[in-house]
Protein chains: 2
Amino acid sequence: MNTFNALAEPNRRRLLEAIRQEPCTVNMLVSKSGLSQPAVSKHLRYLREADLVTVKPDGQKRWYELNPAPLKEIEAFLEPYRQLLSSRLDAPEQHLDSMKSTKTKEIDN
Amino acid sequence: MNTFNALAEPNRRRLLEAIRQEPCTVNMLVSKSGLSQPAVSKHLRYLREADLVTVKPDGQKRWYELNPAPLKEIEAFLEPYRQLLSSRLDAPEQHLDSMKSTKTKEIDN
DNA sequence: TAGTTATATAACTATATAGTTATATTTAAT
DNA sequence: ATTAAATATAACTATATAGTTATATAACTA
């Protein structure tokens, strides 16, 4: 599981958010997320595979901690888009191509 | 298709990269990517659904252009990780006591 | 020792999706 | 009018994966 895929799943992002705030055991994450224990364990496996978390065994508990390093890849990907984001973006919603429900195709070329 | 999912697929990231550099027609993207035309069209559909690209019809051609706005969501997600990235990252592997200063540790089980 | 707790994993189901080939649709060219 | 070109989509296959329930494993506890 790579970084992008690991972040693609919303529950996984939430789990990572929880782990970012403080190291968590599986049961803590079960409580915080409302997911079943196997579901959490499975997500944690993917997060481990993506190297986004590390595990510290402590008796029966496993403390999951954040490893933000792989997020550099996302940062790197986003980097070239950043100036476009800041220049184009702050101007509120210029993209008038919302021809979602209308068939009026505002084509000008 | 949401932003995270749209970026999860490597070919789709490559297509977006190409479109970022210059507006592209489908055939241009087929050439650049080596994917089949239906595969490209399918990826473009997801990118459209994620609002990451817009289309400008021009005769039989469709010019696909970048809309970076949805990337703000990724930026927002990454934001809280950014200081961790810069501080922890260069120094390899010592994130043991990252919670001892301000965090209340609420171990409840 | 027996039972309980914490976590992981196996087996399964259901869904999403990346690719394919074939075809439809629209526009351009003859 | 035909034909060709550009693109989209349908139908299909194969794979990944998010969830489930049941079970395995290891560590604690009485």
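Chain letters run A, B, ... following the sequence lines, proteins first, then strands; residues in each count from 1.
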Discussion item. How would you summarise protein contacts on nucleotides 17-30 of chain D per nucleotide, using B for base, S for sugar-phosphate only and - for none, with heavy-atom distances below 4.0 Å?
Written reply: SBBSBB----BS--
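A:Lys32 and A:Glu22 are joined by a salt bridge, as a carboxylate oxygen and a charged side-chain nitrogen come within less than 4.0 angstrom of each other. Using a cut-off of 4.0 Å between Lys/Arg side-chain N and Asp/Glu carboxylate O, A:Glu17 and A:Arg20 are scored as salt-bridged.
Summarising the geometry, atom CE belonging to B:Met1 is positioned 10.0 Å from atom CG belonging to B:Leu7; distances are rounded to the nearest 0.5 Å.
Taking 4.0 angstrom as the limit, B:Asn27 places none of its side-chain polar atoms (N or O) nearer than this to OP1 or OP2 of D:dA5.
Note: NZ (B:Lys56) to P (D:dT7) measures 16 Å, nearest angstrom.
The shortest distance between side-chain heavy atoms of A:Thr25 and A:Trp63 falls below 4.5 Å.
In a base pair of the Watson-Crick type (N1 to N3 plus N6-O4 or O6-N4) or a G-U wobble (N1-O2 and O6-N3), with each distance short of 3.5 Å, D:dT29 is matched with C:dA2.
Minimum heavy-atom separation, A:Arg13 to A:Ala8: NH1-O, 3.3 Å.
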